[in-house]
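Structure first, commentary second.
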Amino acid sequence: MTLVSDHTESDTRTRILITAEKLFREIGYQKTTVSDIAKLLHMSPANVYRFFESKKAIHEGVAVRLMSEVETAVAAVAARPGNAVARLSAVLAAIHRLNVELFIGDAKLHEMVMMAMEQNWDACDAHVGRIVAIIGGVIADGVETGEFTVADVPMAAQCTCTAMIRFFHPYVIKECADKLEPSLEQMTGFVLAALGA
């Protein structure tokens, strides 16, 4: 009985997050209310609050869902067969492409992401940590095969993310959209050279 109840609760939480994301895209993060979400789901606001203690918790849940999509896709790229240099290049390109698709192309959703980053949500920090870990895994593979020559893999992964901030961070991506250089390919080449590729 408990398993069924847990499954139903998980489904309801997911439905709330999907509906919230839909409204964020349509009317914006700031304008969406818990009442709007509840109305679309044919629920009462009180019922929504049974699953999320606050509007901020819903926003954070949507951000986590979107960020986990990026993480899952990037992890799949990192796990592809092939040498570490090619895989790291593909990972860096995938992070950029996914951040552009999910967080830049939609102005209203971009607003929500910027708010999350301004409020320094734990979810954003955790997301960055997981992305750094994925990159670190590929770098470690490259060190093992002799493709990269770094002594401190975690620091190399952190430095890689910092070097790629223009192509990873939604705000910086948007602000630098009209700047042609360095290109993603040029910056990736720079990072690979720094890793000793």
Is the closest side-chain heavy-atom distance between [X] and [Y] below 4.5 Å?
{"X": "F52", "Y": "V34", "result": "no"}
{"X": "M155", "Y": "V150", "result": "no"}
{"X": "V191", "Y": "L195", "result": "yes"}
{"X": "L184", "Y": "M164", "result": "yes"}
{"X": "D36", "Y": "I27", "result": "yes"}
{"X": "F148", "Y": "L192", "result": "yes"}
{"X": "T33", "Y": "L23", "result": "no"}
{"X": "M43", "Y": "T12", "result": "yes"}

Sorted by chain and number, sequence neighbours left out, side chain to side chain donor-acceptor pair (under 3.5 Å) with Q186 holds for E181, S183
With sequence neighbours excluded, what pairs up with R65 under the side chain to side chain donor-acceptor pair (under 3.5 Å) test?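 Scan of R65 (side chain to side chain donor-acceptor pair (under 3.5 Å), adjacent residues dropped) gives none.
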Nearest 0.5 Å, please: how far is [atom2] in [Y] from [atom1] in [X]?
{"X": "I16", "Y": "E21", "atom1": "CD1", "atom2": "CD", "value": "14.5 Å"}
{"X": "R130", "Y": "T72", "atom1": "CZ", "atom2": "OG1", "value": "9.5 Å"}
{"X": "R13", "Y": "R50", "atom1": "CZ", "atom2": "CZ", "value": "11.5 Å"}
{"X": "H169", "Y": "K174", "atom1": "NE2", "atom2": "NZ", "value": "13.0 Å"}
{"X": "E69", "Y": "E101", "atom1": "CD", "atom2": "CD", "value": "10.5 Å"}

Quick check: does any side chain N or O of [X] sit under 3.5 Å from a backbone N or O of [Y], one acting as donor and the other as acceptor?
{"X": "N99", "Y": "I95", "value": "yes"}
{"X": "T145", "Y": "G142", "value": "yes"}
{"X": "R166", "Y": "I173", "value": "no"}

With the 4.5 Å side-chain cut-off for hydrophobic clustering, are [X] and [Y] part of the same group?
{"X": "I18", "Y": "F24", "answer": "no"}
{"X": "V132", "Y": "L88", "answer": "no"}
{"X": "L98", "Y": "V172", "answer": "yes"}
{"X": "L40", "Y": "I58", "answer": "yes"}

Could you walk me through whether L92 and F168 pass side-chain contact (heavy atoms from CB on, under 4.5 Å), step by step? CA-CA 8 Å; L92 301 180; F168 287 6; 3.6 Å; yes
Nearest heavy-atom pair of [X] and [Y]: which atoms, and what distance?
{"X": "A78", "Y": "V138", "result": "CB-CG2, 3.7 Å"}
{"X": "A20", "Y": "I37", "result": "CB-CD1, 3.7 Å"}
{"X": "G196", "Y": "T149", "result": "CA-OG1, 3.6 Å"}
{"X": "Y49", "Y": "S54", "result": "CE2-CA, 4.0 Å"}
{"X": "R80", "Y": "A90", "result": "NH1-CB, 4.3 Å"}
{"X": "A94", "Y": "V77", "result": "CB-CG2, 4.1 Å"}

Pairs flagged by salt bridge (charged side-chain N to carboxylate O under 4.0 Å, His left out) wherever residues 132-152 is involved - sequence neighbours left out: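 Applying salt bridge (charged side-chain N to carboxylate O under 4.0 Å, His left out) to every pair that reaches into residues 132-152, excluding sequence neighbours, yields R87-D141.
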Within a 6.0 Å radius of atom NZ on K55, are there more than 12 heavy atoms belonging to other residues, nucleotides or ligands?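 Yes, NZ of K55 has more than 12 neighbouring heavy atoms, counting only those of other groups under 6.0 Å.
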Is there a side chain to side chain donor-acceptor pair (under 3.5 Å) between N47 and S44? Walk through the geometry before answering. CA-CA 5 Å; N47 199 21; S44 68; 5.3 Å; no
In sequence, state the C-alpha distance, the side-chain angles, and the governing distance for H127 and V64, and then conclude on side-chain contact (heavy atoms from CB on, under 4.5 Å). CA-CA 8 Å; H127 169 68; V64 167; over 6 Å; no
Audit row: C161, V128, side-chain contact (heavy atoms from CB on, under 4.5 Å) steps and yes/no: CA-CA 9 Å; C161 282; V128 170; 5.9 Å; no
